[in-house]
Structures are given as C-alpha cells and as structure tokens.
Amino acid sequence: MPELPEVETVRQGLAKWVTGRTIRTVEVHHPRAIRRHLPGDAHFIALLTGRTIVDVARRGKYLWFPLDSGDALIGHLGMSGQLLMQPADAEDEKHLRIRFTFTDDGPELRFVDQRTFGGLSLSEGGAELPDEIAHIARDPMDPLFDDEAFVARLRGKHTEIKRALLDQTLISGVGNIYADEALWRAQLHGARPTDQLTRPAVRRLLAHVRDVLGEAIVAGGTSFDELYVNVNGESGYFDRALNAYGREGEPCHRCGTPIRREQFMNRSSFSCPRCQPRPRTIRH
DNA sequence: GTAACACCCTGATAGC
DNA sequence: TGCTATCAGGGTGTTA
C-alpha cells in the first residue's frame, strides 16, 4: 500500500537505475495499465521509444520521468503497483503489465501490478510538471509546502479532519495508514470537524504528519505483505513501528486501552478510544 | 464551488 | 472440498 514514503523510496531507487538511459522498446501487456493514456498504446509506445530519461520526480504519490523530448512518463502505483529493475533473462512476473528495455542492454524496467489500480501514462510537454497531476498539492516534506496556507485552507473546510488529510489537493502523500498514525500521535479522532480545530492544533497535527512520513522514509516505507517491495525487491519495515493502523484489540502504546477499529469512507480507521475520543458533536 | 459516495480490481481469507 | 461473500484502498467521476 504505497503512500509517500514508499513512493519516495521507489523514486530514489529508480533515479539511480534509469537516469540517463535511453529506451529501446516498450511492451504493453495489459490495456488497463495505460487507461489514463487516452490516445492508446501505439501512441504511448511511439512517444517513448528512443527517448532518454533525464530524471525521476515525484509529487505526492505520483512519479514522473522527464524525457529528453520535453514529455514525461507519469506513473502511479495505486494499491499494488511495483516498478522493478530486472535482468532481461529474469522470468516474467505473473502480473507484469509494461516492460521497458534500454539501448545499453542493462536491466529492464518493469511495471507489475496485481490489482491494476495503478498505471502509466504519457504527458506531452510535461517534463517540468505534468498538467495531469498539477491539481495534486505539494507534500509536507516539500521545502515549498506552505504551512500557514495549509492551516488556513484546512480550517476553512467543512469536513472531518481525516477526510482532509486524505484530500490530495490539500496535502499530498498521506494515505489511510499514515493518516491514522498522525492522528494517534496528535491524539485527535478522525471525525473531528476541521472548522473547529484551532490553528495551533492543526500545526501540531501537521508536525506529526511530517514526523511519521519522515521516519517512514528513513525506514524505507511500510510493507505488510509482498505486494509492496522497493525497486530492488526489498520490503520496508516501518510496519513494526505502527501505533494505530492494523492494531485492533491490541493495547495502545500510550495508555494500554485496546485500539478500536471503525468503518470510515468504505475502509477502516484505527484509533485509541481513550486518547482519541470521538467528538461530541455529530456532523451530517 | 464543495462535500460525499460509488466504482474500478484481484487475491487472500472467512464462512458455510 | 469447493463455493460464495467480504475485505483491502487511491483517485476519479458522479451525484447531491
């Protein structure tokens, strides 16, 4: 389940492996993997073949590869996507969707994705920042992230705090896992109304979001199973440091109360009933 | 304009 | 054993 730390780990790995290399061939093995590329696979392949990758960039959970043509290859891992470097003679993965080979005959780049929520697309003229992902906010690790603008925008919204943390146009890179972890650290329930939080409370929460993401980046990202591995095929191990996510019934690391699980937006939220009491006012 | 929800997908797991 | 139901969840499109 790649969130910002996992995607950043992949970005760093890919940057070392593909920067400066020229694409020889592109194979699309599954149409859904390029469903966001509306002109279709022939166009996708034509604009990539012979192009040199000049960098690997990221915004939130999106990656993009600026090309020497001024275009950019955009990638999103979705829930189960992987971008793997593999020797040409390595056996095809069961869920191999797209294969890139390079003119130097070095390792191939493979996009592998079991659940096909992820995908690649090509952005013409998008080397600097693709239009397709311009609506995604900067992430809190970005030096240009504007803390006070975030605080003001969040407090101006009429929604719940966890919804706001998952809104990628407000703050990017945070998914279900790190939202729960940051809320646990801030001792806030995810249903707290954003318009009733004080500025200092939002600043504290933002600091916790940064801490959680930063620690996870150092640890190489969270991984619960083999669905996520980094570019070298190695799983991260941040899951050992989780305080809330996935710990239903286990004692809170702060007060010992069993962690509760609640349904939220068709998924699960984990929190401590004592440290993170539900707000008294119920919104509708 | 804003908020909330359905939907896409496959494999693991639970229940019968 | 083998079937069906449920769950995981990011981002987009649709609805309210």
Side-chain angles (χ1 to χ4, degrees), chain A residues 1-8 10-11 29-38 58-64 74-83 93-98 111-121 123 130-139 152-183 190-197 209 213 216 221-229 235 239 242 244-249 261-270 281-284:
Chain A
M1 308 165 194
E3 300 184 26
L4 184 151
E6 290 80 9
V7 179
E8 175 59 19
V10 170
R11 188 201 67 75
H29 290 236
H30 196 297
R32 196 174 146 75
I34 58 159
R35 67 193 181 287
R36 299 282 169 212
H37 189 74
L38 302 179
R58 180 183 62 75
R59 175 162 289 203
K61 303 169 194 171
Y62 279 92
L63 292 168
W64 79 94
I74 302 174
H76 196 288
L77 301 177
M79 299 217 6
S80 56
Q82 298 169 273
L83 283 162
E93 291 77 7
K94 182 176 179 186
H95 302 292
L96 174 66
R97 307 304 189 197
I98 299 175
F111 179 65
V112 178
D113 190 11
Q114 177 201 108
R115 295 179 202 169
T116 69
F117 274 46
L120 306 183
S121 61
S123 173
D131 291 343
E132 291 85 345
I133 57 178
H135 63 289
I136 302 291
R138 291 183 185 276
D139 69 66
R153 276 192 67 201
L154 185 139
R155 296 179 73 241
K157 294 183 86 72
H158 305 287
T159 188
E160 299 171 354
I161 184 63
K162 184 166 176 182
R163 290 180 186 277
L165 286 179
L166 296 177
D167 180 350
Q168 304 295 304
T169 68
L170 188 61
I171 181 171
S172 72
V174 181
N176 200 40
I177 298 169
Y178 296 118
D180 277 4
E181 290 302 308
L183 288 165
R192 291 281 292 270
T194 49
D195 49 8
Q196 291 175 28
L197 290 171
V209 170
L213 294 177
T222 305
S223 179
F224 301 95
D225 51 39
E226 307 210 340
L227 283 180
Y228 168 75
V229 289
S235 296
D239 54 311
L242 295 178
Y245 188 83
R247 297 193 65 244
E248 182 183 19
R261 171 186 184 145
E262 296 171 294
Q263 285 303 117
F264 170 82
M265 289 172 75
N266 260 344
R267 56 205 63 175
S268 292
S269 284
F270 298 89
T281 52
I282 307 297
R283 302 185 69 92
H284 287 290

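The chains referred to below are lettered A, B, ... by the order of the sequence lines, with proteins before strands, and numbering in each begins at 1. Any value given below was found using the heavy atoms of this structure, including those in side chains, with hydrogens, waters and symmetry copies removed.
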Exercise. Has the side chain of A:R267 got a donor or acceptor that lies under 3.5 Å from a partner of the other kind on the base of C:dG10?
Worked result: yes
For this session: Calculate the interatomic distance between A:R115 atom CZ and C:dG11 atom P; express it in whole Å.
Result: 15 Å
Problem set entry | Short side-chain N/O contact from A:S80 to OP1 or OP2 of B:dT10, under 4.0 Å | no
For this session: Mind calculating the distance between CG (A:D195) and P (B:dT2) to the nearest angstrom?
Result: 14 Å
For this session: Specify the residue among A:H95 and A:K157 whose closest nucleotide of DNA chain B lies further upstream toward the 5′ end.
Result: A:K157
Exercise. Which nucleotide in the list C:dG11, C:dT12, B:dT10 gets nearest to the side chain of A:Q114?
Worked result: B:dT10
Problem set entry | Residue among A:R35, A:R32, A:R97 satisfying side-chain hydrogen bond (donor to acceptor under 3.5 Å, both in side chains) with A:T116 | A:R32
Seminar exercise, completed: When rounded to the nearest 0.5 Å, the distance separating CZ of A:R261 from CG of A:D180 is 11.0 Å
Problem set entry | Nucleotide nearest A:F117 (side chain, heavy atoms from C-beta), chosen from B:dC8, C:dG11, C:dA8 | B:dC8
Exercise. Which listed nucleotide (C:dG10, B:dC9, C:dA8) is nearest to the side chain of A:R32?
Worked result: B:dC9
Problem set entry | Atom-pair distance (CZ on A:R35; C1' on B:dC9), nearest Å | 9 Å
Seminar exercise, completed: Exactly one of A:D113, A:L63, A:V112 clears side chain to side chain contact (heavy atoms under 4.5 Å, CB included) with A:L83, and that residue is A:L63
Exercise. Among B:dC9, C:dA8, B:dA4, which nucleotide sits nearest the side chain of A:T116?
Worked result: B:dC9
Exercise. With a non-hydrogen cut-off below 4.0 angstrom, is A:H30 in contact with a base, only sugar-phosphate, or nothing?
Worked result: nothing
For this session: Rounded to the nearest angstrom, tell me the gap between atom NZ in A:K94 and atom C1' in B:dT10.
Result: 9 Å
Exercise. Once you round it to whole Å, what is the distance between C1' of B:dG1 and NE2 of A:H135?
Worked result: 17 Å
Problem set entry | A:D139/A:K61 salt bridge by N-O under 4.0 Å criterion | no
Problem set entry | Atom pair distance, as rounded to whole Å: NE2 in A:H158 and P in B:dA3 | 7 Å
Exercise. Any side-chain heavy-atom pair from A:F264 and A:R163 closer than 4.5 angstrom?
Worked result: yes
Seminar exercise, completed: When rounded to whole Å, the CZ to P distance for the pair A:F264 and B:dA6 reads 13 Å
Problem set entry | Under-4.0 Å side-chain N/O to phosphate OP1/OP2 contact, A:Y62 with C:dT12 | yes
Exercise. Between A:R36 (CZ) and C:dG13 (C1'), how many Å, whole number?
Worked result: 9 Å
